[in-house]
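Input: a single structure, listed below in structure tokens.
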Amino acid sequence: MRKTAKYGTVLFILVLVILMGMISGCAKKEVKPLNFALSGNPDTLDPQKTSGTLTFQTVKSIYDTLAEPDENGVIVPALAESWDVSADSLTWTFHLKKGVKFHNGDAFTSADVKATVERMLAEETGSPHNKEFGIISSMDTPDELTIVFKLSSPQASFLASMASGWSAILPKSLIGNGHDFDSLPVGTGPFKLEEWVRDSKVVLTKNDDYWMKGLPKLDKIILNIIPEASIQVQGLIAGQIDIVFIIDSDDIPMLDSSPDVRLEENLTSLIMVMPMNTSVAPLDDLRVRQAINYAIDKQKILDIAYGGGEPIGTFMDRGNAYYKDFTDLYPYNPEKAKQLLKEAGVGDDVELKLYLPQNYALHVKAGEMYQEMLTQVGLNVKIQLIDWSTWISDVYRASKFDLTVIGHTGKLDPNGTLRGYGEGKYVQWMNADAASLIKEAAVTSKYEDRKALYDQALEIMAKEVPFVYLGSSYRTTGLRTDVSGFRITPNLDTFDFRWSEFK
Amino acid sequence: MEFFLFILRRFLRLLLTIFIISTIIFFVIRVIPGDPALVVAGIDALDEDIQAIRVRLGTDVPVSVQYGRWLADIVRFDFGESMISGASVNKLIMERFPLTLALAILGIVLGIVVAIPLGVLSAVHRWSFWDYFGMVYSQMGMAIPSFWLGMILLLVFAVKIPLFPLFGSDSLKNLILPAIALGFARAAVILRLTRAAMVEELSREYIITARAKGLTDRMIRYKHALRNAMIAVVTVTGIQFGYMLGGAIIVEQVFSLPGLGRLFLYAIYQRDFPLIQGGVVFIAVIFSLVNFAVDILYSLLNPKIRIS
């Protein structure tokens, strides 16, 4: 008995010593990493197997694409130095940069591009973007630095596809041996993956061989996965976090008073809308949809629910080159709304169900305001909260809804934004003219011609209002004052740390 | 021999429980709305792409076939791969379990250290300061949500007085505040029970006998009454421990900890079928093991309770 007690004491002291050691930690002097607050865990780090924004935001630093959008959203060369398009728009020749290296030391060649696209097209990859590349009928690699794509039909958005995050170039040698790209990405990007502790952090270290001279400037980035927005903000004030991507409007006054924090406001490429199911009564009646548009004070919802923004009158983000202004069509006018509802014979005996995705607090807040404003003009709107999976399968795919609230993310090419409308995409709005204009624009490559087609399509959408077009919101990013050069890729909303540094 | 039979019976019952639970969960998650292929595909994907994703995930075949495959795999302890991340479910669970277990143990230890002495004091000195203190504490403990408590702890001890880190999971220091947030309410439950059990034991006839025998108050309280009272306390503590594994979800969210709770929470959000199934089976096994441990403890506390 006494003996065990003795051992117990020894064990106890041992444990205590170990714990003390763990608590005090070993404080090694190291390079100062940039601490970024990431709001969730990326599903996977394989760019070909997901559509998750967090994945693309993370792998943007690890991978490169042949082309990429610059600060103004113009598509510029990246891994490709230049490209030529044949007169019929069917042959695309990319001339690749020389001397680029993958993180594993492999030299980057046209064979890697070919193997990457082949992987994307392979049935077993099951990529959400497979069909986008299905127009590629053949690929030739005449030499190590040239790749030629032959398309089966002209596609104006082909270059935009090549500049999107899912077109990241993977090394051929690893594709061949079944490498675990889900958790161990290997690219040509400015940073290499050092460690990914799921739901905790992603650690990236500088790629010394990066092909852009003098970049990246940082030695290390830690993407800290912090789901609670208030903890992100506290971390920013305390200096444990250097950048918070999205600051909730409620937190802005507190951060404004912090001398070490700088706030940057940008217009997002989001299209904030309240979609209406045009196949169900009474929303199949244009007058009712118009009434609902008149009933909504759009700027007020933008300001209060989304922290400010600029109104749009049609289905295109405000900053887009293809945006056309139709905001005058349905100004806020509750009296006109009541009158139109009276004409249509719709009162509060008709219950409209407003489905809100509960994981998006801002859409829920906006939804409550929509409900309030619609009640003011005599409509009976009932809110139902649903989770994101249910929203995608029931609301978006099966059109089982009357009203809902969502923000559509921007796209590098307007075809990605407009494809499918006019022919039954989730709002069930049928319009042969709009559908054929959108289809024609998809195969038209000259900007002026495309713009003319989209102008017409957007005008029809603006007049027929299958949505309440609210606006594009502002996004407030919080940064420590000593951080500079943090860029957000336009339209893709990915993080670009290449120019980031501490002053 | 008797003990061996007991273990065997327990084990068989565990297998049956797992089979029933996993079957129920298998069908429930497929009946509710939501489709993992749509989560992977996102809202811009085309129908053909979604079908290809279903093929990759194995959800293109009838549910009965999927069920057969799942059963064939789990008898080999293979829970498959996550549909969202592609990583093995076993690996994902084992990566997370140590943290949640450490959190639950720390939480329950903190709970016991506070609750049992306070509960005994309250029962022995009824209507004293300690008793009132215990009563107020247990009311508060049960009323305060761990989410709120966690936020307050962070604001006070990580922001105002920066003794602890705001986020991260690298050291034991990261676990102290979450363990307090988690253990606070549990302690309240254990405290109430300890007090009630002690009060009951102290009013029993054998206590009078013991007193008549001339035993000291100390002996009566701590050797006789407390020991008997502990039987009920151990049961409740065991159950509380099981709940801690579940209650960890909220605390892990507040403290940005990569534990099991968050893993399973997001698995449910994303309809990651294999991960939900694996998680439910795992939690069921842990619950059963805790119950089993409680049974063993019973027989140690009171040899009259035979293992049978």
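Side-chain atoms are counted along with the backbone in the values below, which use heavy atoms only and exclude waters and symmetry mates. We name chains A, B, ... by the order of the sequence lines, and we start the count at 1 in each one.
For His408(A), the part sitting under 4.5 Å from any heavy atom of chain B is the side chain, from C-beta outward, and nothing else. Heavy atoms of Ile32(B) lying under 4.5 Å from chain A are absent altogether. Proximity to chain A (any heavy atom under 4.5 Å) is restricted, for Arg96(B), to the side chain, taken from C-beta onward. With a 4.5 angstrom heavy-atom cutoff, Lys49(A) touches chain B via backbone and side-chain atoms both. In this structure, the portion of Glu124(A) lying under 4.5 Å from any heavy atom of chain B is its backbone and not its side chain. Only the side chain of Leu92(B) comes within less than 4.5 Å of a heavy atom in chain A; its backbone stays farther off. Proximity to chain A is limited to the side chain of Tyr266(B), based on heavy atoms less than 4.5 angstrom apart. Heavy-atom distances place the side chain of Lys201(A), and not its backbone, under 4.5 Å from chain B. If you measure heavy-atom distances from Thr125(A) to chain B, the contacts under 4.5 Å come from the backbone alone. Only the backbone of Ser127(A) has a heavy atom closer than 4.5 Å to any heavy atom of chain B. When heavy atoms are compared at a cutoff of 4.5 Å, Gln51(B) does not approach chain A at all. Only the side chain of Phe147(B) has a heavy atom closer than 4.5 Å to any heavy atom of chain A. Within the 4.5 angstrom heavy-atom criterion, only side-chain atoms of Asp387(A), from C-beta onward, approach chain B. Contacts between Leu38(B) and chain A at a heavy-atom distance below 4.5 Å involve backbone atoms as well as side-chain atoms. Proximity to chain B is limited to the side chain of Arg397(A), based on heavy atoms less than 4.5 angstrom apart. With a threshold of 4.5 angstrom between heavy atoms, Lys160(B) does not approach chain A through any atom at all.
Side chain of Thr390(A) to backbone of Gly34(B): no donor-acceptor contact under 3.5 angstrom is found. Within the 3.5 Å criterion, the main-chain N or O of Asp44(B) finds a donor-acceptor partner in the side chain of Arg419(A). Between the Ser85(B) side chain and the Thr44(A) main chain, no donor and acceptor come within less than 3.5 Å of each other. Using a distance-only test at 3.5 Å, with no hydrogens or angles considered, no donor-acceptor pair links the side chain of Asp43(A) to the main chain of Ile84(B).
Taken from CH2 in Trp388(A) to CD1 in Ile43(B), the straight-line distance is 5.5 Å, to the nearest 0.5 Å. Taking CG of Asp35(B) as the start and CG of Asp394(A) as the end, the distance is 10.5 Å to the nearest 0.5 Å.
Shortest non-hydrogen contact noted between Arg56(B) and Gly126(A) is NH2-O, 3.0 Å. Of all heavy-atom pairs spanning Ile225(A) and Ser256(B), the tightest one is O-CB, 3.7 Å. The heavy-atom pair separating Val254(B) from Glu228(A) by the smallest distance is CA-CG, 3.9 Å. When all heavy atoms of Ile392(A) and Val39(B) are compared, the closest pair comes out as CD1-CA, 4.3 Å. The two residues Val159(B) and Gln234(A) make their nearest non-hydrogen contact at CG1-OE1, 3.5 Å. Of all heavy-atom pairs spanning Pro33(B) and Ser393(A), the tightest one is C-OG, 4.0 Å.
Per-residue heavy-atom pair counts under 4.5 Å with chain B were compared for Ser51(A), Gly40(A), Pro42(A), and the maximum is reached by Ser51(A). Contact count versus chain B (heavy atoms, under 4.5 Å) is highest, among Asn224(A), Ile406(A), Thr50(A), Ile222(A), for Asn224(A). Counting heavy-atom pairs closer than 4.5 Å to chain B, the top-ranked of the candidates Ser200(A), Ala238(A), Pro227(A), Ser230(A) is Pro227(A).
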For this session: Before giving the answer on side-chain contact (heavy atoms from CB on, under 4.5 Å), spell out for Ile241(A) and Phe167(B) the whole-Å C-alpha distance, their side-chain angles and the decisive distance to 0.1 Å.
Result: CA-CA 10 Å; Ile241(A) 290 290; Phe167(B) 54 87; 3.5 Å; yes
Exercise. Between Arg198(A) and Arg262(B), is a side-chain contact (heavy atoms from CB on, under 4.5 Å) present by the stated rule, with each step listed?
Worked result: CA-CA 10 Å; Arg198(A) 284 192 174 81; Arg262(B) 259 166 91 201; over 6 Å; no
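Residue Lys439(A) qualifies as open at atom NZ: its count of foreign heavy atoms under 6.0 Å is 12 or below. Within 6.0 Å of CZ in Phe26(B) there are more than 12 heavy atoms belonging to other residues, nucleotides or ligands.
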